[in-house]
Amino acid sequence: MDIEKWVRANIRRLKPYSCARSEFRGEATAYLDANENPMNLPYSRYPDPWQEALKAKIARLKGVRPSQIVVGAGSDEVIDLSIRIFCEPQRDNIVAIDPTYGMYQVCADIHDVEYRRALLNEDFTLDAERLLAATDERTKMIFLCSPNNPTGNLLNRGKMIRIVEGFNGIVVIDEAYVDFSSEASWLTALNRYPNLIVLHTFSKAWGLAAVRCGMAFASEEIIGYFNKVKYPYNINLLTQNFVGEQIENESRKNEWVARLLARRIRLAAQLETVPSIEAVYPSDANFLLVKTRDANGIYRRLVEAGIIVRNRNSVSLCRDCLRITVGTPDENEALVLALLDMDGVSPSSVMQRP
Ligand SMILES: *Cc1c(COP(=O)(O)O)cnc(C)c1O
């Protein structure tokens, strides 16, 4: 497979900015190459542009090689970078499932790259043939998200394989919610599929959304292009060190995930009893999508009660749907009580603690 032919010609030709920290690597007695203030160490020095210490830890955590990783200020940065690498503005296009995470389209729009939506089935399952039919010779990338946001479900692996193997271009699989799902990550397929990019983030299960740290995993060749186009110092020293420390605490993350999954099951059961909720969709993530009688009205009244959920009413296949994050027990209870109150239902039967 020839990755290079999918890369934009200007990116192929690009001579990347060579920063002081990348021209000299190693130990020296005097660092007089980057116009830094020598006081206030370690913050006065530019950080490692390749984030080697952090990548070594991520590599161990995820079972990949450091050369298969690019780190970004959230997955949002790596989504943006991937489009810059592969899509020629005003000429190439991207195909993505619909509904899905909104940033793919925003990034495509920013780069003036056509964004094509391939509708999921009514039950949010993937129609691989419909998606492939939306591609043409100018489709450079396909975006899949599994578990998908906002629908919460895993996409069928066999159908995804059909796409990864059947598409002559880059396939991005966004696994932001992989820690919550029962299925294995696509990371183990990286060596088999050189056209695959897998996205992970520290923003969800790891509880680090404020820190802004996400990752793409791909072949060494693709990662080489990410390294060419990213800003040299895209991950600051504080983030590199702090995320490195947090990775040491994987068991705490796993405990959080277990607790959130238990709460999700409980919350789903309670939401099932709310009259104005018509369906609670199955979830492989840390949120629930629910179909209501009137999403706009319920959303407004929840806001008045100080409870903010995500109104997905205007999203494809999600008419009258709300997306609800699994929160603390108190937050979840406040939500259910507010919903029952709107429906004039006494909460006593529903809210008994286990
Ligand atoms: C939350 C989320 C992300 C995470 O984005 P960050 O920039 O890493 O915070 C990525 N993809 C999907 C589908 C998400 O829902």
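Counting starts at 1 for both ligands and their atoms, following the listed order. Side chains are part of it too, since the values below use all heavy atoms of this structure and drop only hydrogens, waters and symmetry mates.
- Between Arg116 and Asp136 there is a salt bridge, with a side-chain nitrogen of the basic residue lying less than 4.0 Å from a carboxylate oxygen of the acidic one.
- For ligand 1, the atoms closer than 4.0 angstrom to any heavy atom of Arg212 are 6 (P), 7 (O), 9 (O).
- Per-residue contacts place Gly74 under 4.0 angstrom from the following atoms of ligand 1 (heavy atoms of the residue considered): 6 (P), 7 (O), 8 (O).
- At least one side-chain heavy atom of Leu208 sits under 4.5 Å from a side-chain heavy atom of Phe242.
- Residue-ligand proximity, Cys145 to ligand 1, at heavy-atom distances under 4.0 Å covers atoms 13 (C).
- With a 4.0 Å cut-off on non-hydrogen atoms, Asn149 touches ligand 1 through its side chain and not its backbone.
- Listed for the Asp320 side chain is a donor-acceptor partner under 3.5 Å among the backbone atoms of Ala295.
- Within the 3.5 Å criterion, the main-chain N or O of Leu187 finds a donor-acceptor partner in the side chain of Ser185.
- For Phe202, the heavy-atom gap to ligand 1 stays at 4.0 angstrom or more.
- The six-membered or imidazole ring of Tyr115 lies away from that of Tyr104, with a centre-to-centre distance of 6.0 Å or more.
- Between Cys87 and Ile94, the shortest heavy-atom contact is SG-CG1, 3.8 Å.
- Which parts of ligand 1 touch Tyr177 is read off a 4.0 Å heavy-atom cut-off, strictly below it: atoms 1 (C), 14 (C), 15 (O).
- The Ala176 neighbourhood of ligand 1 comprises atoms 2 (C), 3 (C), 10 (C), 11 (N), 12 (C), 14 (C), with distances under 4.0 Å to a heavy atom of that residue.
- Closest protein heavy atom to atom 11 (N) of ligand 1: Asp174 OD2, 2.7 Å.
- Annotation: side chain of Val70 is in contact with side chain of Asn227 (closest heavy-atom distance under 4.5 Å).
- Looking only at protein heavy atoms, the nearest one to atom 3 (C) of ligand 1 is Lys204 NZ, 3.3 Å.
- Counting atoms of ligand 1 from 1 in the listed order, those under 4.0 Å from a heavy atom of Ser203 are 6 (P), 8 (O), 9 (O).
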